Undergrad: 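Here it is, the structure in full.
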Amino acid sequence: MRSRREAAQSGSTSNWNRHHILSLADFTPGEYNTVLQTATSLQEVLSGKMKKVPTLQGQLVTNLFFEPSTRTRSSFELAAKRLSADILNFAAATSSMTKGETILDTAKTYLAMGTDIMVIRHKEAGVPQAIAAEMDRLGVRVGILNAGDGQHEHPSQALLDLFTICNLIDPGQPCIELLQGKKIAIVGDILHSRVARSNIWSLTASGAEVHLAAPPTLLPKWFEDFVKQPESHPTAGLSRHLQIHWQLEPALRNADFVMTLRLQKERMTAHLIPSLREYHQQFGITRSRLQLCQPDVKVLHPGPVNRGVEISSDLMDDPQFSLIQSQVTSGIAVRMALLYLIGRGQGD
Ligand code: NCD
C-alpha cells in the first residue's frame, strides 16, 4: 500500500493531462487523488464566506442535456458559477433538435458561441465520446465532460461518491488509499446503471472489495469479467476485486458501505422483476438488513430514489446511516474540481 505522502504527491495537479473526462476505465490512482485533493481545496472555498473563486472567469461552460436531470445538471451549473464561468443551459425538448438538427450540429452551434467546456448527457452510450472526437478532429480546445451516456458511464457521479466516502473516513485529506480492503456492496439495477459501471472502475482501482448484488435478470454473469482489461491497458496492473451475488446477504455481510441503485423502469424493455413489492422484499435495503454489515455502515444512493423500493423510506432520511444528502453537497466541489482540471489553461 502506498504511503499517504506518496498518495499526496500522486495527486498533484501537475500530473493531470486529461482534456476530456469520458470514462473512468483508464483513470489512474494518481488521477483519482488529483480529483480528491482539488475537490478538498474547493470544498474549503464553498464553506467559506465568499463561496466563489475567479478561476474560470471569462470561460463558457455549456450544459448539453439531451435527457432529463435534476441534480447533475444543477450541480454542474452551480459548480461553473462558483468558479465564475459563464454558463449556458441547453434542454433538448425546447431546442432546434425538435426541428431535426443533429447532435453534432447542436454542439458546433455552441462551439461557435465560444464554449470552452461542454457537459453532455444523452440517453445513448457514446454521444459525449463522439462529440469529443469531433472537437479533436476540428482541432479546437473544448473540454468534454460526460454527465451520463446511456448505460455506459457517469464519471462525475462515481467521483463524487468516491469523494463522499473518502472524506468521511479522513475529512480534509481524502485519498483512494483509504479504501484499501474496505467492503463495498453495490445493490440494485446494475444492468441498466451507468453509475454502477463508473463506480466499479473507481472503487476497484482504490483497492476496495466490490460486491455486486441483484437478481440475475439485473446482473448478468458477464459482470464478473467487467474489469478484465488487455495487458496493454494503462490500468491493467491494478489488481481489482469484483464479485457478483444473486442474493443480497453475502454482499451485505460485513460491508463498510452499501450503494443502492434506482430500478430504471424507463430502460427496462421486458418485465425483469416480478413486482416492486417482491423486489423490495428480496433486495430492498432496510434498517434490519443493515445489521449484517459493519456497525458503522453507511448507505449511498445517486438519486433519484424510488422510496420504499430499493431503500426503505425511513432509512433514506436517517443521517446516522444515509450519505444521500452529503453526496449531493459533495457533488458541487467535485464538479468544480473537474471543470477546473479540464478548464485550466484555456481562456486568458
Ligand atoms: C443517475 C443517472 O441519471 O444516471 N442519477 C444521477 O445522475 N444522479 C441514476 C439514475 O437515474 O437512477
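These numbers come from a predicted model, not from an experiment. FYI, the numbering just counts along the sequence from 1. One-based numbering, in listed order, for ligands and for the atoms of each.
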Undergrad: Could you tell me, atom by atom, which parts of ligand 1 come under 4.0 Å of a heavy atom of Q264?
TA: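 Listed by number with element, the hits are 10 (C), 12 (O).
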Undergrad: Around atom CD of Q281, are there more than 12 heavy atoms of other residues, nucleotides or ligands at under 6.0 Å?
TA: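 Enclosed.
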Undergrad: Is it true that a side-chain atom of S312 and a backbone atom of G308 form a donor plus acceptor pair closer than 3.5 Å?
TA: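 Side chain of S312 to backbone of G308: no pair is present.
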Undergrad: How close does the nearest protein non-hydrogen atom get to atom 11 (O) of ligand 1, and which residue and atom is it?
TA: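 Protein heavy atom with the smallest distance to atom 11 (O) of ligand 1: R262 NH2, 3.0 Å.
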Undergrad: Any nitrogen or oxygen of P302 lying under 3.5 Å from a nitrogen or oxygen in ligand 1? Just yes or no.
TA: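 Yes, there is a polar N/O contact under 3.5 Å.
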Undergrad: Does atom CZ of R18 have more than 12 heavy-atom neighbours, drawn from other residues, nucleotides or ligands, at distances under 6.0 Å?
TA: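 Atom CZ in R18 is packed in, count exceeds 12.
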Undergrad: Can you tell which part of R121 has a heavy atom less than 4.0 Å from ligand 1: side chain, backbone, both or neither?
TA: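 Only the side chain of R121 comes within reach of ligand 1.
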Undergrad: Does K108, at its NZ atom, have more than 12 non-hydrogen atoms belonging to other residues, nucleotides or ligands within less than 6.0 Å?
TA: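 More than 12 within 6.0 Å, yes.
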Undergrad: Please state whether the rings of Y110 and F90 are parallel, tilted or perpendicular, taking 30° and 60° as the class boundaries.
TA: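 Perpendicular.
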Undergrad: How close does the nearest protein non-hydrogen atom get to atom 7 (O) of ligand 1, and which residue and atom is it?
TA: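 Answer, as residue, atom name and distance: H154 NE2, 2.8 Å.
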Undergrad: Can you pull out the closest protein heavy atom to atom 4 (O) of ligand 1? Residue, atom name and distance to 0.1 Å, please.
TA: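 Among all protein heavy atoms, the one nearest atom 4 (O) of ligand 1 is R194 NE, 2.7 Å.
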Undergrad: Is the cationic atom of R335 (NZ for Lys, CZ for Arg) positioned less than 6.0 Å from the six-membered ring centroid of F76 and within 45 degrees of its normal?
TA: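 Because its charged atom sits under 6.0 Å from the ring centre and within 45° of the axis, R335 does stack over F76.
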Undergrad: Between T72 and ligand 1, is there a nitrogen or oxygen pair with a distance under 3.5 Å?
TA: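 Such a contact does occur with ligand 1.
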Undergrad: Report the member of G331, S69, G303, S198 with the shortest heavy-atom distance to atom 5 (N) of ligand 1.
TA: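 Looking at heavy atoms only, the winner is G303.
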